[in-house]
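Sequence positions, counted from 1, serve as the residue numbers for this chain.
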Amino acid sequence: MPETIRWGILGTGNIARKFAQGLKDTPDAELTAVGSRSAEKARAFADEFGGARAHGSYEALAGDDAVDAVYVATPHVLHYDNSVLCLRAGKAVLCEKPLTINAAQARALAEVARAEGRFLMEAMWTRFLPTLVETRRLLAEGAIGEVRMVMADFAFRTAFNPEHRLLNPALGGGGLLDVGVYTVAMAHMVFGVPSQISGLAELGSTGVDEQAAMVLGFPGGGLALLACGVRTNTPQDARILGTDGSIYLPAFWHGRKIVLSRNGKSEEIEPPFVGNGYNYEAIEVGRCLREGLTESPVMTLDESIAIMDTLDALRAQWGLRYPGE
């Protein structure tokens with residue numbers, strides 16, 4: 001693996017732009033190529049971010065020998081096929097969350113990566129933010145005692161457009177897979193795999209979850225109270241409550257501050273933060289590749305699969321299935 005990781009980006013949407021911007025603050029990494037189903041879009045994207053090579057198909061990007069790792073930035077329903085394409089072409093893959101549309105696909109994708117001996121990680125970018133790194137350190141040292149509860153919400157109100165990916169079932173629309181996955185991943189990070197899963201959702205006119213509330217129970221008695229949605233505004237905060245204190249994460253999925261409360265006192269912690277935040281997951285991929293790892297110990301494939309199992313269980317309760325499942 002070269003010292004500088006040569007990145008390709010598959011897709012040219014908003015999230016692809018954020019990752020490309022993040023690469024500018026990633027040491028020993030460069031944007032080498034971009035692939036789109038439209039040659040014009042690929043060229044415009046490449047020009048916008050420094051003149052990278054532009055490919056008018058995903059296959060051409062996957063086959064580019066100058067690319068070491070590919071960031072898959074397409075809609076949920078395309079993650080499996082796009083990632084398999086790149087893995088079988090010998091590329092490391094960072095696939096946007098959720099890893100796939102369901103757990104069966106996630107397991108199959110992990111099997112492909114392991115069979116090919118290639119690196120694969122779900123792009124749960126929040127997991128690598130300085131605030132979450134510090135949160136894990138505080139929990140590991142017992143800063144708030146035994147953790148009893150996690151509370152997290154992530155919802156926003158989008159305009160009603162049945163063709164948009166957020167509301168279109170053919171594109172895996174709904175709040176759970178788009179932003180609810182962040183709250184579920186937070187609960188998994190703190191407690192592990194839930195032993196009880198329960199939730200209620202409002203399915204809108206297009207059939208996807210416009211808003212939802214979930215309760216997860218964990219061995220040992222821990223609870224997670226979660227909410228998500230794409231047609232309701234919420235604070236987008238997270239709280240971790242322990243026997244001796246609490247950790248409050250305002251705007252947890254992109255925030256830069258931690259409020260640690262214990263012994264009747266509160267302190268604000270602001271870890272150093274560089275770039276737009278997407279650089280941290282790229283740094284982790286680079287670290288793993290240089291060390292010869294095919295998975296990240298911070299965001300393992302088994303954890304990504306377990307998260308998809310939780311999302312599947314919730315959708316089953318709601319009667320929400322996507323076309324082709």
*Asks:* Is the backbone of Ala60 close enough, under 3.5 Å, to the side chain of Ser57 for a donor and an acceptor to pair up by distance?
*Replies:*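 Side chain of Ser57 to backbone of Ala60: a pair is present.
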
*Asks:* Verify side chain to side chain contact (heavy atoms under 4.5 Å, CB included) between Asp237 and Leu249, making sure each step is shown before the conclusion.
*Replies:* CA-CA 6 Å; Asp237 295 339; Leu249 296 161; over 6 Å; no

*Asks:* Drop me the distance from Thr126's OG1 to His254's NE2, to the nearest 0.5 angstrom.
*Replies:*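 Thr126 OG1 to His254 NE2: 11.0 Å, rounded to 0.5 Å.
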
*Asks:* Can you check whether Lys41's main-chain N or O pairs, donor with acceptor, with Ser38's side chain at less than 3.5 Å?
*Replies:*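 Flag set: sc Ser38 to bb Lys41 pair under 3.5 Å.
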
*Asks:* I need the minimum non-hydrogen distance between Ala238 and Met186, along with the two atoms involved.
*Replies:*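 Minimum heavy-atom separation between Ala238 and Met186: CB-CE, 4.2 Å.
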
*Asks:* Rounded to the nearest 0.5 Å, how far apart are OG of Ser83 and CD of Gln105?
*Replies:* 10.0 Å

*Asks:* Parallel, tilted or perpendicular: which fits the ring planes of His79 and His76, with parallel below 30° and perpendicular above 60°?
*Replies:* perpendicular

*Asks:* Any Lys/Arg nitrogen of Glu325 or Arg315 sitting under 4.0 Å from an Asp/Glu carboxylate oxygen of the other?
*Replies:*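 Yes.
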
*Asks:* Looking only at atom types and distance, does a side-chain atom of Glu295 sit under 3.5 Å from a main-chain N or O of Leu301, one as donor and one as acceptor?
*Replies:*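 Indeed, once roles are kept as given, a pair shorter than 3.5 Å links the two residues.
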
*Asks:* If the threshold is 4.0 Å, N to carboxylate O, is there a salt bridge linking Arg137 and Glu134?
*Replies:*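 Yes, this pair counts.
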
*Asks:* Can you check whether Glu270's main-chain N or O pairs, donor with acceptor, with Arg256's side chain at less than 3.5 Å?
*Replies:* no

*Asks:* Walk me through whether Val72 and Glu96 qualify under side chain to side chain contact (heavy atoms under 4.5 Å, CB included).
*Replies:* CA-CA 6 Å; Val72 173; Glu96 184 50 41; 5.8 Å; no

*Asks:* What class does the angle between the rings of Phe154 and Trp253 fall in, given that below 30° is parallel, 30 to 60° is tilted and above 60° is perpendicular?
*Replies:* parallel

*Asks:* Main chain of Gly199, side chain of Gln317: is a donor-acceptor contact present, judged purely on distance under 3.5 Å?
*Replies:*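 A pair under 3.5 Å: yes.
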
*Asks:* I need the Tyr80 OH to Asn102 CG distance, nearest 0.5 Å.
*Replies:*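 Tyr80 atom OH to Asn102 atom CG measures 10.5 Å (nearest 0.5 Å).
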
*Asks:* Main chain of Gly22, side chain of Thr26: is a donor-acceptor contact present, judged purely on distance under 3.5 Å?
*Replies:* yes

*Asks:* Is a side-chain donor or acceptor of Thr100 paired with a backbone partner of Ala106 at a separation under 3.5 angstrom?
*Replies:* yes

*Asks:* With a cut-off of 6.0 Å (strictly less than), are more than 12 heavy atoms of other residues, nucleotides or ligands near CD of Glu59?
*Replies:* yes

*Asks:* When you look at Asp153 and Gln236, which way does the side-chain hydrogen bond (donor to acceptor under 3.5 Å, both in side chains) test go after all the steps?
*Replies:* CA-CA 5 Å; Asp153 66 89; Gln236 303 178 2; over 6 Å; no

*Asks:* Taking the side chain from Asp309 and the backbone from Ala103, do they hold a donor-acceptor pair closer than 3.5 Å?
*Replies:* no

*Asks:* Kindly indicate whether the side chain of Pro323, heavy atoms from C-beta on, has any atom under 4.5 Å from the side chain of Pro169.
*Replies:*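 When only atoms from C-beta onward are counted, Pro169 and Pro323 do touch, with a gap below 4.5 Å.
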
*Asks:* Look at atom CE of Met189 and say whether more than 12 heavy atoms of other residues, nucleotides or ligands are closer to it than 6.0 Å.
*Replies:*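 Buried by this count: over 12 neighbours within 6.0 Å.
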
*Asks:* Would Ile283 end up clustered with Ile9 when hydrophobic side chains under 4.5 Å apart are linked, directly or stepwise?
*Replies:*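 Cluster IDs for Ile283 and Ile9 match.
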
*Asks:* Is it true that, when you exclude Arg37 itself, more than 12 heavy atoms of the residues, nucleotides or ligands shown sit nearer than 6.0 Å to its CZ?
*Replies:*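 Count not over threshold, so no.
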
*Asks:* Taking the six-membered ring for Trp, are the ring centroids of Phe19 and Trp125 within less than 6.0 Å of each other?
*Replies:*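 No; Trp125 has its ring centre 6.0 Å or more from that of Phe19.
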
*Asks:* Under the side-chain hydrogen bond (donor to acceptor under 3.5 Å, both in side chains) criterion, do Ser36 and His55 qualify, and how do the steps go?
*Replies:* CA-CA 6 Å; Ser36 171; His55 295 293; over 6 Å; no

*Asks:* Quick check: closest heavy atoms across Met149 and Leu225, and the distance to 0.1 Å?
*Replies:*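 Result for this residue pair: SD-CD1, 3.9 Å.
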
*Asks:* Does the pair Val208 and Leu203 meet the rule for a side chain to side chain contact (heavy atoms under 4.5 Å, CB included), with working shown?
*Replies:* CA-CA 5 Å; Val208 303; Leu203 303 185; 6.0 Å; no

*Asks:* Where the side chain of Thr234 meets the backbone of Ala155, is there a donor-acceptor pair that is under 3.5 Å apart?
*Replies:*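 It does hold such a pair.
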
*Asks:* With a cut-off of 6.0 Å (strictly less than), are more than 12 heavy atoms of other residues, nucleotides or ligands near NZ of Lys24?
*Replies:* yes

*Asks:* Report yes or no: does Thr183 contribute a side-chain atom to a donor-acceptor pair with the main-chain N or O of Val179 at less than 3.5 Å?
*Replies:* no

*Asks:* Are Tyr322 and Leu166 co-members of a hydrophobic cluster defined by side-chain heavy atoms under 4.5 Å apart?
*Replies:* yes

*Asks:* To the nearest 0.5 Å, how far apart are OG in Ser246 and CG in Leu260?
*Replies:*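 Rounded to the nearest 0.5 Å, the OG-CG separation comes to 7.5 Å.
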
*Asks:* Passes salt bridge (Lys or Arg N to Asp or Glu O under 4.0 Å), Arg114 versus Asp302? Steps please.
*Replies:* CA-CA 12 Å; Arg114 289 163 175 163; Asp302 284 346; 3.3 Å; yes

*Asks:* Checking side-chain hydrogen bond (donor to acceptor under 3.5 Å, both in side chains) for the pair Thr243/Glu146: CA distance, chi angles, key distance, verdict?
*Replies:* CA-CA 5 Å; Thr243 53; Glu146 179 191 354; 5.2 Å; no

*Asks:* I need the minimum non-hydrogen distance between Met308 and Pro98, along with the two atoms involved.
*Replies:* SD-CB, 3.8 Å

*Asks:* Is it the case that the ring center of Tyr278 lies less than 6.0 angstrom away from the ring center of Phe128?
*Replies:*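 Between Tyr278 and Phe128, which both carry aromatic rings, the centre distance is not below 6.0 Å.
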
*Asks:* Does the salt bridge (Lys or Arg N to Asp or Glu O under 4.0 Å) test come out yes or no for Lys97 and Glu122, once each step is laid out?
*Replies:* CA-CA 6 Å; Lys97 56 80 202 161; Glu122 182 179 17; over 6 Å; no

*Asks:* Yes or no on side-chain hydrogen bond (donor to acceptor under 3.5 Å, both in side chains) for Asp28 and Thr4, after CA distance, side-chain angles and deciding distance?
*Replies:* CA-CA 4 Å; Asp28 301 319; Thr4 296; 4.6 Å; no

*Asks:* Take Cys228 and Met214, measure what side chain to side chain contact (heavy atoms under 4.5 Å, CB included) needs, and give me the verdict at the end.
*Replies:* CA-CA 9 Å; Cys228 65; Met214 298 86 75; 4.1 Å; yes

